[in-house]
Amino acid sequence: MTDNELKNDSAVEAGSDSSARTHFIEDIIAEDNKTGRFGGRVHTRFPPEPNGYLHIGHAKSICLNFGLALDYGGKCNLRFDDTNPTKEEVEYVESIMNDVRWLGFDWEDRLFYASDYFDQLYEWAVQLIKAGKAYVDHLNADEIREHRGTLTQPGKDSPYRNRSVEENLDLFQRMKNGEFPDGTCVLRAKIDMTSPNLNLRDPVMYRILHATHHRTGDKWCIYPMYDWAHGESDSIEGITHSICTLEFEDHRPLYEWFVENLNIYRPQQIEFARLNLTYTIMSKRKLIRLVQEKHVRGWDDPRMSTLSGMRRRGYPPEAIRAFCDMIGLAKSNSVADFAMLEYCVRQHLNKVATRVMAVLNPLRVVLTNYPEGQVDELDAVNNPEDPSAGTRKVPFSRVLYIDRDDFMENPPSKFYRLSPGREVRLRYGYFIKCEEVIKDEAGNIIELRCTYDPTTRGGEAPDGRKVKATIHWVSAAHALDAEVRVYEHLFTRPDPNSDDEGKDFTAYINPNSLQVLAGCKVEPSLKDAAPGSRYQFERLGYFCVDPDSQGSTLVFNRTVTLRDEWAKLQKSQPS
RNA sequence: UGGGGAGUCGCCAAGCGGCAAGGCUCCGGACUUUGGAUCCGGCAUUCGUAGGUUCGAAUCCUACCUCCCCAGCCA
């Protein structure tokens with residue numbers, strides 16, 4: 001996919017006339033381009049820490065950063081912010097690269113790691129020490145906290161704050177050489193212990209961590225803190241607009257203090273509001289708990305808000321991009337409605353998904369006037385939204401399955417599917433009329449006896465009579481068995497974080513978030529459906545073949561239902 | 001009570017002194033061999049509150065209110 005296709009695609013998906021409406025970051029870029037601040041360059045970066053899987057919130061940042069580069073003819077780097085070896089793993093860096101690519105973005109040859117810059121960072125730290133702007137502090141963690149003061153009280157200088165440059169240089173080198181155990185001392189920037197901005201009260205730049213790093217191994221036992229590594233990495237890479245989330249607004253003065261005191265190139269940090277979505281959790285800490293405590297099957301469980309989960313669920317990357325376009329960008333905390341995401345998923349799938357017939361909850365139907373052993377090959381349209389998708393043959397015979405939801409013995413007035421004595425159309429097939437309801441001893445309906453009208457082949461009656469409903473079906477003798485996994489929101493409330501009642505978010509996990517339907521029947525054209533392929537099961541929703549499918553066992557995930565007027569009616573008038 | 005942000009329809013979100021875009025949701029209706037899609041129509045006399053400036057304010061000024069973030073050797 002070319003850059004242009006990607007752009008147009010997203011714009012079209014979002015239903016926006018792209019050209020108009022700019023958000024505040026685009027305004028900033030326009031202004032910078034006007035003043036020539038960065039010489040017309042736009043160079044962004046997506047800087048994940050490899051300590052978990054990417055989620056839909058990251059998608060917003062990815063689309064923003066890579067999207068801006070695309071829109072302004074600039075570049076976007078992928079940079080792993082790997083400054084804490086105790087939490088980071090290669091499994092995560094691989095999954096992250098995989099997810100960014102899947103979303104449709106390309107960092108070309110610009111794959112970087114903050115750990116690439118450890119040597120440079122060390123040199124710069126020495127430079128600050130020499131300038132009297134950094135010192136080694138032997139206060140322990142508790143003491144540092146005590147000296148930091150509070151929100152309303154200024155902090156106090158550490159007794160080690162005024163060590164000589166020589167002593168600091170010596171100590172810092174010995175920190176690096178591994179002469180001290182974890183926690184004995186840290187390197188701090190010497191700024192202002194009385195600043196109302198706590199980030200400026202002599203922030204820690206390096207801590208001692210005798211841990212093996214996923215890339216640098218045991219080369220280092222001191223690791224830079226986020227504030228010390230991030231801006232400097234941006235500077236090294238020539239980033240123009242360093243976009244991050246709101247909680248870093250307070251860090252901007254520190255970001256700028258470092259680049260100014262080092263006298264190096266200064267990128268512009270810009271903050272935006274992270275994405276929140278109803279019925280989902282976005283914190284990595286909580287997502288990892290869902291996985292570790294086995295509330296879900298793994299990072300890629302289709303109920304997860306991770307990109308890998310959404311991929312397995314069947315959400316197309318185009319839909320996620322369109323969603324990121326649709327939600328806009330601002331600085332106010334907000335919670336996007338999950339329905340927006342589903343709208344984007346349906347909108348894309350409607351245009352591209354092959355239609356197929358599947359019966360989730362089979363009810364046997366025998367056409368009493370249809371010749372035994374006769375098979376009719378009916379023509380079915382693969383995608384009414386896309387004529388080029390062509391048609392296929394669907395076998396029709398005497399014994400069929402329809403969905404139990406499509407039959408009611410005593411239908412309410414608004415129900416216009418099949419019921420005793422009523423006639424409906426079988427999609428692409430014939431009109432059938434229900435003549436008899438067969439029940440078992442317990443009174444459960446086990447079969448319907450119907451007659452079909454041979455003159456209605458294809459679904460049109462020569463006498464022009466109309467039918468109120470068209471229902472889907474499969475031929476019993478030809479159908480394939482399948483397992484279908486039906487999902488609902490993972491949480492029972494729009495904001496699972498609301499810890500009123502002092503409850504943990506796990507208290508709001510939806511016990512019905514996964515329902516496994518066995519014994520489903522799908523049409524034979526699905527025989528060799530590959531994992532990951534997406535279909536519309538007519539009248540039901542969009543479904544995606546799960547990787548658990550193997551050999552003759554087909555497993556589908558329900559991606560999202562179709563919009564359903566009937567379901568809505570039932571909900572509003574329960575009875 | 002320190003500092004940094006934000007408050008426009010149920011949810012996102014435009015608007016930057018000239019009289020409230022758009023999308024999602026929702027509600028009507030048309031069409032329909034998917035109760036899908038599509039198409040039409042409806043949905044903020046009002047912009048956190050109260051004052052003020054102005055011919056005119058969501059937009060400027062003042063005060064207040066509410067919410068979010070910051071006291072990791074996490075990012």
Side-chain angles (χ1 to χ4, degrees), chain A residues 14-17 20-23 27 47-49 51 81 83-84 86-87 137 139-141 144-146 148-155 182-188 195-201 204-209 223 225-227 229-230 244-253 271 273 275 278 284-285 325-344 346-347 350-351 355 357 381 384-385 414-417 425-429 431 456 458-460 467-472 494 536-541 561-569:
Chain A
S16 67
D17 55 310
R21 248 89 253 166
T22 62
H23 54 64
D27 292 343
E49 182 189 12
N51 67 343
D81 219 331
T83 56
N84 186 351
T86 65
K87 291 186 176 168
D137 194 353
L139 250 27
N140 65 37
I144 285 184
R145 188 178 338 106
E146 284 157 18
R148 188 154 31 226
T150 68
L151 296 180
T152 52
Q153 292 160 224
D182 290 3
T184 51
C185 53
V186 293
L187 183 74
R188 292 230 256 171
S195 172
N197 181 344
L198 301 245
N199 294 117
L200 263 18
R201 320 242 262 226
V204 172
M205 293 169 65
Y206 276 101
R207 76 287 212 183
I208 299 172
L209 246 32
Y223 290 92
M225 298 289 289
Y226 167 85
D227 288 303
H230 202 90
C244 60
T245 44
L246 255 26
E247 67 270 29
F248 292 103
E249 265 176 322
D250 290 348
H251 296 240
R252 196 185 334 127
E271 311 83 14
L275 170 67
T278 54
K284 275 196 198 171
R285 209 188 78 75
D325 249 36
M326 177 186 271
I327 54 177
L329 189 76
K331 294 193 70 159
S332 58
N333 292 112
S334 59
V335 186
D337 195 327
F338 200 87
M340 284 195 197
L341 214 206
E342 294 193 321
Y343 172 84
C344 293
R346 289 190 184 105
Q347 188 182 236
N350 174 52
K351 289 187 308 195
R355 271 63 169 175
M357 289 196 283
V381 174
E385 304 289 323
K414 290 296 179 68
F415 182 88
Y416 43 84
R417 274 108 98 147
R425 170 169 39 232
L426 292 179
R427 173 133 246 225
Y428 298 125
F431 284 9
T456 58
E460 221 69 71
V467 99
K468 204 77 150 95
T470 299
I471 67 175
H472 56 94
Q536 183 195 98
F537 287 179
E538 294 221 30
R539 303 207 308 131
L540 297 175
T561 60
L562 247 27
R563 279 178 58 198
D564 189 345
E565 292 293 326
W566 169 238
K568 204 180 285 179
L569 255 177

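To find a chain, count down the sequence lines: A is the first, B the second, and so on, and within it residues start at 1. Remember, it's a predicted structure, so these values are computed and weren't measured experimentally. Basis for what follows: all heavy atoms, side chains included, without hydrogens, waters or symmetry-related copies.
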Between rU34(B), rA13(B), rC74(B), which nucleotide gets closest to the side-chain atoms of S332(A)? rA13(B)
For R252(A), answer base if it contacts any base atom (sugar-phosphate contacts may also be present), sugar-phosphate if it contacts only those atoms, and nothing otherwise; contact means non-hydrogen atoms under 4.0 Å. nothing
Describe the nucleic acid contact of F431(A) in one word from base, sugar-phosphate, nothing, applying a heavy-atom distance below 4.0 Å. nothing
Using a cut-off of 4.0 Å on non-hydrogen atoms, how would the nucleic acid contact of A339(A) be classed: base, sugar-phosphate, or nothing? sugar-phosphate
Side-chain N or O of R207(A) less than 4.0 angstrom from OP1 or OP2 on rC74(B)? yes
Which is true for E49(A) with a 4.0 Å heavy-atom rule: it touches a base, it touches only sugar-phosphate, or it touches nothing? sugar-phosphate
Of the candidate nucleotides rA75(B), rG5(B), rC27(B), which contains the atom at the shortest distance from the side chain of M225(A)? rA75(B)
Looking only at the side chain of D250(A) (C-beta and beyond, no hydrogens), which of the listed nucleotides rC74(B), rG3(B), rU34(B) gets closest? rG3(B)
Closest to side chain of A330(A), choosing from rC69(B), rA14(B), rC73(B): rA14(B)
Using a heavy-atom cut-off of 4.0 Å across all strands, would you classify L540(A) as base, sugar-phosphate, or nothing? nothing
rG72(B): pairing nucleotide in any strand, Watson-Crick or G-U under 3.5 angstrom: none
Nearest-nucleotide pick for K87(A), side chain only, options being rC74(B), rC26(B), rU34(B): rC74(B)
Side-chain atoms of H251(A) come closest, of rA75(B), rA13(B), rC73(B), to rA75(B)
Is there a side-chain contact between T470(A) and the phosphate of rG35(B), meaning an N or O under 4.0 Å from OP1 or OP2? no
Take Q153(A) and T456(A), find for each the nucleotide of RNA chain B with the closest heavy atom, and name the residue whose nucleotide sits nearer the 5' end. Q153(A)
Is the shortest side-chain N/O distance from Y226(A) to OP1 or OP2 of rC74(B) below 4.0 Å? no
Looking at every strand, decide which applies to E342(A) at a 4.0 Å heavy-atom threshold: base, sugar-phosphate, or nothing. nothing
Is there a side chain to side chain contact (heavy atoms under 4.5 Å, CB included) between E538(A) and Y428(A) once you walk through the steps? CA-CA 12 Å; E538(A) 294 221 30; Y428(A) 298 125; 3.7 Å; yes
Among the candidates rG2(B), rG7(B), rA71(B), find the nucleotide nearest to the side-chain atoms of P196(A). rG2(B)
Mind checking T150(A) for me? I need base, sugar-phosphate or nothing, with any heavy atom below 4.0 Å counting as a touch. base
Is there, by distance only and without an angle test, a donor paired with an acceptor across the side chain of Y416(A) and the base of rG35(B) below 3.5 Å? yes
Taking any heavy-atom pair under 4.0 Å as a contact, classify L275(A): base, sugar-phosphate, or nothing. nothing
Could you check whether V335(A) gets within reach of a base, just the sugar-phosphate, or nothing at all, counting any heavy atom under 4.0 Å? sugar-phosphate
By the 4.0 Å heavy-atom rule, please label F248(A) as base, sugar-phosphate, or nothing. base
Compare the minimum distances between each of rG35(B), rG2(B), rA75(B) and the side chain of L151(A), then state the nucleotide with the smallest one. rG2(B)
Between H23(A) (NE2) and rG15(B) (P), how many Å, whole number? 11 Å
Regarding P384(A), tell me which of base, sugar-phosphate or nothing describes its non-hydrogen contacts under 4.0 Å with the strands shown. base
Ion pair check, E249(A) and K331(A), cut-off under 4.0 Å: yes
Checking contacts here: which listed nucleotide (rC26(B), rG5(B), rC24(B)) is nearest the side-chain heavy atoms of L246(A)? rG5(B)
Would you mind calling rG29(B) syn or anti? Take O4'-C1'-N9-C4 for purines or O4'-C1'-N1-C2 for pyrimidines, and syn is within 90° of 0. anti
Map R427(A) and R563(A) onto RNA chain B by nearest heavy atom, then report which one ends up closer to the 5' terminus. R427(A)
Scan E460(A) against the nucleic acid and name what it touches under 4.0 Å (heavy atoms): base, sugar-phosphate only, or nothing. base
Base, sugar-phosphate, or nothing: which does N51(A) touch, judged by heavy atoms less than 4.0 Å apart? nothing
Looking at R148(A), I'd like to know whether one of its side-chain N or O atoms comes within less than 4.0 Å of OP1 or OP2 on rC73(B). yes
When we call it a touch if two heavy atoms are under 4.0 Å apart, what does S195(A) touch: a base, just sugar-phosphate, or nothing? nothing
Which residues pass the salt bridge (charged side-chain N to carboxylate O under 4.0 Å, His left out) test with R417(A), not counting sequence neighbours? D406(A)
Identified pairing partner of rA6(B), criterion: Watson-Crick or G-U wobble below 3.5 Å: rU66(B)
